[in-house]
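Please read these numbers as outputs of a predicted model, since none were measured by experiment. Counting convention: from 1, in listed order, for ligands and their atoms alike.
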Amino acid sequence: MKNTKKISAPGPRRVAPIDDAVLLGNRVPLRITDTTLRDAPQSLWATRIRTKDILEIIDTIDAAGYYSLECWGGATFDVCLRFLRENPWERLREIKAHAKNTPLQMLIRGQNILGYHNYPDDLLERFVALAASNGIDIFRTFDALNDNRNIEKSVRFIKKYGAHAQGTIAYTVSPVHTIEEFVRIAKEQEQMGVDSICIKDMAGILAPLDARRLVSALCKEISIPIQIHSHATSGMATATYLAAALAGAGAVDCAISSMAGFSSQPPVETIAAIFADSAVAPNLDMEKIAEINRYFKGLRPMREPAHRMHDIIDPGILRHKIPGGMISNLRSQLSQQGALDRIGDVMEEVPRVRADLGYPPLVTPTSQIVGVQSVLNVLAGKRYAMVAEETKNYVKGLYGHAPGPIDPKLARKILGREKPVTGRPADLLPPMLPHAVDAVDPVLIKAEEDILSYCLFPEPALSYFQWRATPPATRPPIPADEEERKRKVDAAPISLPAQPLMAPADYPALEGLLATVKNLGINELVIRRGDVNVSLTNGGGAPAAAPAPAREAGSAPAAPAPVPPPSIPPAPAEGETLKAPLTGTFYRSNGLNAPNLAEEGTDIRAGAPLCIIEAMKLFNQIKAERPLHLVRFLVKTGETVQKGAPFAVVK
Ligand code: CO
């Protein structure tokens with residue numbers, strides 16, 4: 001018989017206790033910013049929260065004892081106009097009319113305001129002025145690159161219009177993002193006059209001990225209050241809040257528990273319980289909190305875009321550091337290009353592109369630039385063979401200083417002889433307001449706020465204005481209502497067998513399978529394991545990532561019509577053709593009045609631009625791979641060209 005050796009059980013190690021009386025001292029209660037009206041629905045519901053949803057519960061939220069309510073900015077503005085047919089300014093006024101006790105807070109992207117690039121100072125100033133006069137008390141302003149020149153003017157205007165300016169450190173992990181660098185950024189913002197500073201951990205990758213080190217270092221060097229914003233994605237955020245508060249952070253961002261967790265914030269109830277018996281116990285009315293929780297729990301089935309099988313924790317983010325929102329964007333971009341199978345390659349390309357570009361934090365708009373460039377590199381089969389206009393602008397310095405050095409070879413390749421911009425990017429922009437709405441029918445513009453909406457989101461604003469100007473009886477349906485209607489019809493959940501056929505780890509595979517079944521229009525699928533048969537009928541409710549195709553309300557469940565393959569016109573006989581490397585809108589020039597990039601009937605040198613294909617919201621310049629003679633284009637400006645379809649005849 002084998003001799004079994006006993007392992008000695010060491011027991012937990014005895015360590016010196018941490019005295020919370022020493023750590024927390026006689027401090028003020030921990031302040032809680034509630035994100036239930038902005039970041040939480042943005043993270044979980046694709047921002048599909050309506051003003052009427054908010055107004056039904058706002059009095060209770062206002063009485064709960066929160067430090068502030070984050071209720072505006074981020075994606076709310078765009079979604080209000082585009083999908084909800086709501087005036088975001090009106091939403092703000094209605095919230096303000098009820099929230100008498102709690103300061104209202106918004107997230108503003110510094111000089112990017114709510115958009116994806118820098119705007120001129122005149123627009124920024126009027127935006128801040130109107131946001132403040134309509135009810136915003138606290139502006140959290142940030143720059144994706146932590147380039148303080150991009151938040152300087154916003155801070156000045158926020159102070160000018162009498163609001164609280166909260167500066168921000170966009171937190172990320174990279175070889176160039178050190179504690180010293182974050183402290184430098186914060187000190188500079190303190191000198192600019194911010195009233196407090198937020199550590200914004202948009203991906204949920206700030207580890208508790210790193211938070212403690214960072215907050216401790218900040219407390220030594222700056223005297224303004226520190227707030228933490230994190231996401232629960234990796235599961236660390238609750239511990240991170242505890243560590244940060246112990247180190248001296250005075251406020252944290254939470255969501256009500258039915259809107260918390262996953263890619264949203266940590267739950268307020270949990271944080272309140274953690275600190276309940278401490279010197280910093282938050283002053284919250286837990287009865288009110290419970291009521292708010294019940295309310296959002298009831299709302300969830302209607303507003304959540306898809307009844308997905310949530311991963312409660314995504315440990316992948318600790319490895320690849322790609323925020324959840326960015327991954328779903330990459331998926332939808334790849335599926336538009338018919339290349340969803342390349343998602344693995346793109347995920348591996350993202351860190352490489354990020355390194356090439358000097359490690360920008362992955363947050364709007366840099367997450368989009370890095371994401372789209374990674375997609376282009378993978379689709380083209382050759383890195384930087386296609387370069388998005390936005391990547392070029394980034395390398396040129398039009399978004400500000402990259403945190404680390406940009407790969408010099410890449411910079412040369414992208415810029416050629418063009419010189420990078422060294423000054424504050426917005427200094428290059430002429431005032432925008434004087435002629436902002438010259439092209440818009442004046443009857444559509446009711447107030448100054450409309451002009452600002454139009455400057456920020458021209459197309460969604462215009463379609464909202466037109467919708468608003470239509471008599472209610474003849475208005476087209478609200479896009480978000482349509483989404484919900486389709487979902488309701490498709491929402492009979494598939495009941496899984498009581499005895500699971502697959503281990504929980506296989507559920508993502510099942511999810512993919514169900515989506516495939518649905519997309520293929522198969523009516524019934526039988527899964528056989530051993531002698532158990534499970535039949536899945538396509539009654540909808542397959543947890544597909546995308547909303548299911550439309551079906552007549554009230555009709556019996558039917559298979560959706562198969563999507564026809566994109567038609568690719570046959571190549572003309574007169575020469576060789578160039579094939580579109582991606583699906584998108586074709587343009588011959590960079591803009592309305594800009595000259596064509598390449599003229600028909602001329603010789604084009606290798607590397608010279610031929611045209612633009614707008615895809616994935618970015619403008620992608622298509623270049624000649626070798627010297628060629630451009631006979632003619634086969635596509636007109638503004639037309640959609642499919643990936644693989646010929647777009648030009650060349651010799
Ligand atoms: Co966030």
inquiry  = I need the minimum non-hydrogen distance between Pro360 and Arg354, along with the two atoms involved.
reply    = O-NE, 2.7 Å
task = Assign the ring pair Tyr119 / His117 to parallel, tilted or perpendicular, where the plane angle (0 to 90°) is split at 30° and 60°.
result = tilted
request  = Kindly write out the residues that satisfy salt bridge (charged side-chain N to carboxylate O under 4.0 Å, His left out) with Lys160, not counting sequence neighbours, or none if the list is empty.
outcome  = Glu125
query = So Phe457 and Tyr116, would you call those rings parallel, tilted or perpendicular, with 30° and 60° as cut-offs?
reply = perpendicular
Phe127: ring pair (Phe, Tyr, Trp, His ring centres under 6.0 Å) partners, not counting sequence neighbours = Trp72, Trp89
task = Only counting residues at least two apart or in another chain, list the ones meeting ring pair (Phe, Tyr, Trp, His ring centres under 6.0 Å) with Tyr454.
result = none
task = Could you tally the protein N/O/S atoms lying less than 2.8 Å away from the Co ion (ligand 1)?
result = 3
